[in-house]
Amino acid sequence: MIAQIIVDVPVNRTNRPFDYHVPPWLRPLIRVGSRVVVPFGPRQLQGYVIGIVEDDEALPDRSRLKDVVQVQDDTPPLTPELLKMSEWMSKQYLCPWVTAVQAMLPAVLKGKSEKWLTATDALDEEACGRSGLLWELFRKRQLPLTEVEKQFAEEYLLVPGWIQSGLLATEYQVRDKITRKQQSFVRSLLDEGKLEEAIGSLPARAEQMRRVLQLMLVHKEQSLSVQMLRDEYGITRSPLKSLESKGWIAIEQVEVYRDPYANRRFQEKQKPVFTPVQKEVLTPILQSIESGTYASYLLHGVTGSGKTEVYLEAIERTLEKGREAIFLVPEISLTPQMVERFKARFGADVAVLHSALSQGERYDEWRKIIRKQVRVVVGARSAIFAPFRNVGLIVIDEEHESSYKQEETPRYHAREVALWRAKENQGVLVMGSATPALETYALATRGRYELLRMPERVGNRPMPEVHVVDMREELQAQNRSMFSRKLHEMIADRLAKEEQMVIFLNRRGFSTFVMCRSCGYTMRCIHCDISLTYHKTNHTARCHYCGYTIAQPKHCPECQSEHIRFFGTGTQKVEAELAKLFPGIRVIRMDVDTTSKKGSHEELLNKFRTGQGDVLLGTQMIAKGLDFPRVTLAGIIAADTSLHLPDFRAAEKTFQLLTQVGGRAGRHELDGDVVIQTYTPEHYSIIHATKHDYPAFYQDEMMQRRRTGYPPYFRLVLITFSHEDVPVVIRGAHTMADYLRQRLAQTTVLLGPVASPIARVKDRFRFQIMLKYRDEPQLSDLLAQATAAFEEWNKQQKVLMTIDVDPYVLL
DNA sequence: CCAGGTCACAAC
DNA sequence: TTGTGACCTGGC
């Protein structure tokens with residue numbers, strides 16, 4: 001038996017299957033999709049089985065094949081579908097196949113190859129002599145080499161000699177990080193009659209023991225968790241021990257899932273009565289689910305239009321059809337409310353996957369999926385890889401969010417993967433947004449997705465009234481505060497009415513760089529081409545990209561002025577200003593500083609929900625999905641800070657942001673207002689946002705994109721090169737550019753090579769090429785060939801190249 | 001002449 | 001990615 005295996009060496013040269021002989025004892029265990037350990041060169045590595053050939057005779061010179069060393073799981077973590085999907089991703093995004101595979105699996109499954117030092121039979125007491133290391137190895141038989149290096153630094157140099165003389169040997173081991181949580185449970189060893197007898201025989205004061213036995217009587221056959229007995233009945237360890245020694249109960253270690261939502265009750269909500277619009281959009285979706293064939297929908301619904309109910313209903317119908325559902329959200333920890341709704345509706349049938357989980361928790365949720373214990377997954381980007389076997393529905397909420405694009409290899413977009421998966425499974429894809437990505441909307445208008453509209457809020461709630469304030473006029477009116485008179489007045493009004501508000505600060509532009517007020521000098525990283533960020537906690541200035549840190553200087557290095565200071569973390573400044581203007585105002589500030597601790601996010605939101613704050617103040621993270629009945633005002637401090645970024649999506653992002661923030665206000669009984677402060681009130685993204693007019697924005701923005709040749713009219717590929725020498729990196733970029741230029745279609749534009757907007761990171765200079773194309777059917781193949789040619793050239797140099805298909809970040 | 005470092009190359 | 005062996009440099 002021969003296994004075809006891709007190994008964990010993520011470079012192009014080894015990006016192909018290698019053949020291994022499967023020894024007889026592994027044959028019953030090994031499967032396509034298995035994780036295995038194989039020898040590779042002088043090492044041992046982790047690999048994945050992508051194919052199995054039963055008939056050895058079919059392959060020539062099998063005698064030269066090495067043996068598979070180990071199969072790491074009894075059930076393969078990769079389903080056939082995931083395997084196929086990873087192969088597609090590797091082609092689509094030009095990444096090594098293993099990298100795509102690893103992106104699909106929980107991080108704890110990634111094995112690390114370690115070198116160990118082992119004792120041979122020749123190592124006896126005598127041979128150990130006075131060496132501490134040899135004695136340690138004599139006792140333990142083996143130690144990881146890294147440990148030896150650390151603990152026996154002075155003897156480390158002698159190791160090669162000992163290996164030569166045959167006392168020691170080296171060996172490779174592949175270890176993953178799988179851990180399983182164990183919990184103690186007690187189980188009764190007595191039948192019912194005996195139990196009652198035993199209760200009677202206990203002395204009167206053995207109250208805890210009696211309690212336990214009584215509980216066993218009630219819960220018959222079931223095991224009781226020791227933790228539960230302690231928490232709910234105050235039963236301590238020792239009575240359990242004595243019951244055990246009497247032979248009445250057994251205390252057992254049982255494996256349990258790490259569940260961050262354990263001990264939480266979720267209230268089951270009644271299914272809502274659907275509005276006519278909800279019914280209207282549900283009809284085609286449910287029909288598609290019913291028919292069990294591929295279909296895709298763009299659900300364009302204004303904020304508060306009740307999209308979630310539509311999703312939930314579609315999921316329920318999918319489950320009824322015996323199929324599974326994936327629900328993607330931008331970043332789930334941001335919307336505990338969403339999790340709550342799912343847990344309430346589908347109970348234990350849901351697994352939740354998001355970045356705030358620990359690796360162990362993530363693994364446990366993932367196992368619920370692969371063991372078929374759940375049928376619904378709610379999660380962020382990577383949840384699209386949930387190892388279901390029969391996905392019938394994929395929902396992407398807030399479809400336009402950029403967090404669906406992964407910014408490291410594999411640089412995939414969850415929307416694109418979802419589309420592939422829906423087609424592959426004859427499933428239904430539903431994408432929802434109040435502000436669809438231009439690409440998506442364009443495809444919908446061309447019929448590639450069916451467009452469904454929900455133009456009104458549930459219960460005919462009016463859209464909030466939007467007030468645009470021209471900050472230039474404020475300045476003329478001698479108002480130099482960051483709050484306009486309008487916003488000031490409305491905050492005061494809400495405070496008086498005891499209603500709540502959300503104040504949003506567009507983080508960018510308000511960043512925390514350090515600048516001299518006298519000469520304008522800004523502190524920059526010595527390794528990277530960007531400004532340093534001020535960190536309050538230890539008064540340092542730090543580089544975002546490479547971690548370079550220096551103490552905050554007291555004098556400007558240029559002009560010696562003392563007026564060098566950081567330009568405050570926006571939110572803190574706003575908070576201080578609010579406190580000054582409105583004494584006694586209760587502000588809940590959400591930013592990186594206040595939400596870094598696990599669970600603090602939810603805690604702050606809960607505080608706000610329960611009315612312990614008047615203002616929720618924050619950055620991007622408060623713009624999405626929050627739904628608080630008493631919020632009647634949304635304020636945006638500086639709408640245009642995102643408008644002037646060197647990014648062709650700047651206007652789109654601004655429009656989305658304004659619409660989303662605006663959508664937080666007046667969702668329930670009370671009417672809402674939105675105040676947008678801006679220096680460019682005439683910009684179309686602001687004008688259309690105030691009127692809640694997506695189609696108009698779409699028209700204007702499409703004109704811009706057409707004029708400038710950006711998506712959706714053109715598709716992009718960004719190729720970035722980096723090297724510590726400018727001439728080398730330039731030559732590399734030109735080599736690639738020349739190769740491509742000769743082979744690209746006439747209509748394709750190749751821009752560059754030019755220096756990247758961030759021209760240096762970690763002492764490496766960066767250049768880039770941008771491809772803009774409309775019709776390039778063989779592009780992935782061409783890029784693969786170009787990469788091969790580039791690598792041929794790159795043999796002597798060490799230029800790093802990354803290819804980003806449909807990039808979001810152009811820096 | 002050898003220790004120590006650099007570098008291209010292969011990996012089933 | 002990483003270990004290996006070929007090759008080079010420099011010190012004696």
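Reminder, nothing fancy here: chain letters follow the sequence lines and each chain counts from 1. As the structure is a computational prediction, the values presented were derived from the model and not from experiment.
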Output the rounded distance in Å from [atom1] ([X]) to [atom2] ([N]).
X: A/Lys110; N: C/dT1; atom1: NZ; atom2: C1'; value: 10 Å
X: A/Asn794; N: B/dC9; atom1: CG; atom2: P; value: 13 Å
X: A/Phe18; N: B/dC12; atom1: CZ; atom2: P; value: 8 Å
X: A/Asn15; N: C/dT1; atom1: CG; atom2: P; value: 13 Å
X: A/Leu65; N: B/dA11; atom1: CG; atom2: P; value: 13 Å
X: A/Gln44; N: C/dG3; atom1: CD; atom2: C1'; value: 14 Å
X: A/Glu791; N: B/dA8; atom1: CD; atom2: P; value: 15 Å
X: A/Glu792; N: B/dA8; atom1: CD; atom2: C1'; value: 12 Å

Closest non-hydrogen atoms of A/Trp97 and A/Leu83, given as atom of the first, atom of the second and distance, are NE1-O, 3.9 Å
Side-chain N or O of A/Tyr172 closer than 4.0 Å to phosphate OP1/OP2 of C/dG3
yes
**Q.** Heavy-atom donor-acceptor pair, A/Arg13 side-chain to B/dA11 base, under 3.5 Å
**A.** no
Are A/Phe767 and A/His734 close enough that their ring centres sit under 6.0 Å apart? no
So if I take every side-chain heavy atom of [X] and compare against [options], which nucleotide ends up nearest?
X: A/Pro42; options: C/dT1, C/dG3, B/dC12; result: C/dG3
X: A/Lys795; options: B/dC9, B/dC12, C/dG3; result: B/dC9
X: A/Lys66; options: C/dG3, B/dA8, B/dC12; result: B/dC12

Exercise. Is the CG atom of A/Asp121 crowded by more than 12 outside heavy atoms at less than 6.0 Å?
Worked result: no
When all nucleic acid strands are considered with a 4.0 Å heavy-atom cut-off, which category describes A/Phe40: base, sugar-phosphate, or nothing? base
**Prompt:** Parallel, tilted or perpendicular: which describes the rings of A/Trp135 and A/Phe138, with under 30° parallel and over 60° perpendicular?
**Reply:** perpendicular
Can you see whether A/Tyr710 has A/Lys772 sitting over its ring - NZ or CZ less than 6.0 Å from the centre and within 45° of the normal?
yes
